[in-house]
Amino acid sequence: MIHTPPTEHPEEIKDALHHIEEAEQAEPLTDQERERRHSLEELRSLGIEPYPYSFDRTRYSDEAIALFEESNPDAHPTASIAGRIMAIRRMGKAMFAHVQDEAGKIQIYFKSNELGERYDLLRLLDIGDIIGAKGFIFRTRTGEITLHVESFEILAKAIRPLPVVKEETDPVTGETIRHDAFSDKELRYRQRYVDLVVNADIRKTFRTRSKIISTIRRFFDERGYLEVETPILQPIYGGAYARPFITHHNALDFDLFLRIADELYLKRLIVGGLAEGVYEIAKDFRNEGMDKNHSPEFTMAEIYIAYKDYEWMMSFVEELFVAVAKAVTPPPMERSGIGGGWGVVNFTPPFRRLTMYDSILEYTGRDISRMNEDELWITAKELGVGIEKGSGAGKIIDEIFSAKVEHHLIEPTFITDYPLSMSPLAKMHRTKPGLVERFELYVNGHEIANAFSELNDPLDQRARFEEQARLRSKGDEEAMVLDEDFLRALEYGMPPMAGLGFGIDRLTMVLTGEESIRDVVLFPAMRPERMR
RNA sequence: GAUCCCGUAGCUCAGUGGUAGAGCAUCUGACUUUUAAUCAGAGGGUCGAUGGUUCGAGCCCAUCCGGGAUCACCA
């Protein structure tokens, strides 16, 4: 009964084959897909459900291996494992396979004289199928700890072939050498589920990302700050310089914007006294170009803490980032680059602190602290920094900084005290005219955090918005929009406070060594795919 | 948005104008401790799409689609 040659099918299989033929007319199947559908129907015809409901797994692969290593040499502890078949080696009356689960891989071993008729089912198994297996653990002649299968169950039949990645372990270095990688970026992004199955390193990256977020959340929670949720759909957007996405609410017949920042809503909550520290970790959306540092939707963490200023916030950020780095990287919290471009980033405190003027002095030799707009213009030209006509002093300083300083800031470095005109939500510097109390943290040449002593003078804030409106009327599409309700909130009185925002994606890039934001986003934005 | 590169079998890739290839995967056969299993054989292609040049196009040209990189823009 078991040994049905593939060419002679019982009636019910023939019926099933009709379905396959119909499917084929809509969308031609490859030989491998056809083969797998045949196996699927054959399992059903043998009374075996290829998609059962559950399985009683007792060990992850690494636990099963540890169990054997820890027990006495003659013992053969039992375990039942479940996972995806990643390799099959058929040896006639015996068969080896590797099964991958969350923790890793374990080899399993089938013997025909022990499994009897069940052994014949193995011919219907393919790479990619998900199975559960129960047995005892032993070590093979060649030394691999292996589950000797006493019973097994098919938990999900895969009817599409998985890209096969062959791996070997270098006998000298012990490193894994990969032979047929699944490396096409487009396929990896579009079919992330396949990428995750096949590429262990990307699984690690996303687990690290998750660890980063949970560490941040715990850090905030432990200090008594309150996690909140604010609107994603907003009638007025604000809190950053960016172009928004626009959407439409049918019932209200009204256009709404997807938020570009959480800032103005979080501040309203501080006004209300919901808590003296509030934070949100969530997606923001910016309708701008995409490249390896920009994604149209990205994850932002923002926190606002009453009665604190930016000096306090700097120490807070340092403590936070050290905690995060510690949680995801082995001591001494360093990592070296993958594929060039990445230096070694050392998160050992204290981080360097440098004013923006001093950083420009250090890397260009020019002291711009007392220059007027004309002098700045000449300096920028002398330094070979291209400046657009009509740029104000703040913009010129920013350009010089971006061109001449930023890429030097590999080790975590706080840059402090920014020109007023670039920071319409930050408080004036208490001693330095024309500057605001603001800092950004740079790591590996990229800005990863931004903070200020928050502006709480409602009249000053109104004036700053009006200046933004002036820029907007001159054609600056990214200038901020005046938010009358936010001003009303400030007029009720907002305590002095420090605010911080930082991008989770870029932080993850720094801590995992990924060089593109798409490699730290599970489902990066892509043009729609034409299904075949 | 601009420029450059790429698109060939399920995956990774060769193929510079003359009958579409390799490795892995798949199928058939052998094999009861293998491990990039091995050995013997077989099947598998709208060469991203459309149009053009040519006796003849995977290859040359144009347009389009998709991706990547660089730049521009950009918290």
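Within every chain, numbering begins at 1; the chains are lettered A, B, ... in the order of the sequence lines, protein sequences first and strands thereafter.
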For a quick check, tell me whether the side chain of [X] and the base of [N] share a donor-acceptor pair closer than 3.5 Å.
X         : N      : answer
Glu144(A) : U35(B) : yes
Thr140(A) : U34(B) : yes
Arg141(A) : U33(B) : no

Measure from [atom1] on [X] to [atom2] on [N] and round the result to the nearest Å.
X         : N      : atom1 : atom2 : value
Glu167(A) : C24(B) : CD    : C1'   : 14 Å
Glu42(A)  : C27(B) : CD    : P     : 12 Å
Leu125(A) : A25(B) : CG    : P     : 16 Å
Ile88(A)  : A36(B) : CD1   : P     : 16 Å
Gln107(A) : A37(B) : CD    : C1'   : 10 Å
Leu187(A) : C13(B) : CG    : P     : 11 Å
His98(A)  : A36(B) : NE2   : C1'   : 12 Å
Met95(A)  : U35(B) : CE    : P     : 16 Å

What's the verdict on salt bridge (charged side-chain N to carboxylate O under 4.0 Å, His left out) for Asp519(A) and Lys185(A), showing C-alpha distance, side-chain angles and the deciding distance? CA-CA 10 Å; Asp519(A) 293 318; Lys185(A) 291 248 183 202; 3.6 Å; yes
For [N] versus [M], give the span between their [atom1] atoms, rounded off to a whole number of Å.
N      : M      : atom1 : answer
C6(B)  : A62(B) : P     : 14 Å
A42(B) : G7(B)  : C1'   : 29 Å
C74(B) : U46(B) : C1'   : 42 Å
A25(B) : G67(B) : P     : 32 Å
G18(B) : C60(B) : P     : 12 Å
C31(B) : G15(B) : C1'   : 37 Å
C13(B) : A9(B)  : P     : 12 Å
G68(B) : G43(B) : P     : 38 Å

Phe285(A) vs Phe245(A) aromatic rings, parallel, tilted or perpendicular, using cut-offs 30° and 60°? perpendicular
Parallel, tilted or perpendicular: which one describes the rings of Tyr363(A) and His408(A), with boundaries at 30° and 60°? parallel
Using heavy atoms to find the nearest nucleotide of RNA chain B for Val164(A) and Thr142(A) separately, return the residue whose nucleotide is more 5′. Val164(A)
Heavy-atom donor-acceptor pair, [X] side chain to [Y] backbone, under 3.5 Å:
X         : Y         : result
Ser295(A) : Glu297(A) : yes
Thr413(A) : Glu411(A) : yes
Arg84(A)  : Gln100(A) : no
Arg506(A) : Asn293(A) : yes

Per the salt bridge (charged side-chain N to carboxylate O under 4.0 Å, His left out) rule, what does the pair list look like for residues 392-402 of chain A, sequence neighbours excluded? Lys395(A)-Glu399(A)
OP1 or OP2 of U34(B) under 4.0 Å from side-chain N/O of Arg89(A): no
Quick one: label Phe182(A) by what it contacts on the DNA or RNA (base, sugar-phosphate, nothing), any heavy atom closer than 4.0 Å. sugar-phosphate
Considering every strand and a 4.0 Å limit on heavy-atom distances, what is the contact class for Leu162(A): base, sugar-phosphate, or nothing? nothing
Spell out protein contact along nucleotides 67-74 of chain B as letters: B when the base is contacted, S when just the sugar-phosphate is, - when no protein heavy atom is under 4.0 Å; keep the 5' to 3' order. SSSS-BBB
Identify the residue among Met95(A), Lys111(A), Glu114(A) that makes a side-chain contact (heavy atoms from CB on, under 4.5 Å) with Tyr119(A). Met95(A)
Those residues that, when tested against Phe401(A), pass ring pair (Phe, Tyr, Trp, His ring centres under 6.0 Å) (two or more places apart): Tyr442(A)
Test: Lys267(A) and Glu263(A) ion pair at under 4.0 Å: yes
Are Glu33(A) and Arg36(A) ion-paired here, with the side-chain N under 4.0 Å from a carboxylate O? no
Beyond-backbone contact of [X] with [Y], side-chain heavy atoms, under 4.5 angstrom:
X         : Y         : answer
Arg37(A)  : Glu42(A)  : no
Phe486(A) : Gln461(A) : yes
Ile137(A) : Thr146(A) : no

Flag yes if more than 12 heavy atoms outside Lys427(A) fall under 6.0 Å of its NZ atom; otherwise flag no. yes
Protein-nucleotides 29-32 of chain B N/O pairs closer than 3.5 Å?
unit_1, atom_1, unit_2, atom_2, d
C31(B), N3, Gly92(A), N, 3.2
C31(B), N4, Gly92(A), N, 3.3
U32(B), OP2, Lys93(A), N, 3.3

Heteroatom pairs (N/O) under 3.5 angstrom, protein to nucleotides 41-47 of chain B:
unit_1, atom_1, unit_2, atom_2, d
G43(B), N2, Asp31(A), OD2, 2.5

What stem regions, each of at least 3 consecutive Watson-Crick or G-U pairs below 3.5 Å, can be found for RNA chain B? B:1-7 with B:65-71, B:10-13 with B:21-24, B:26-30 with B:38-42, B:48-52 with B:60-64
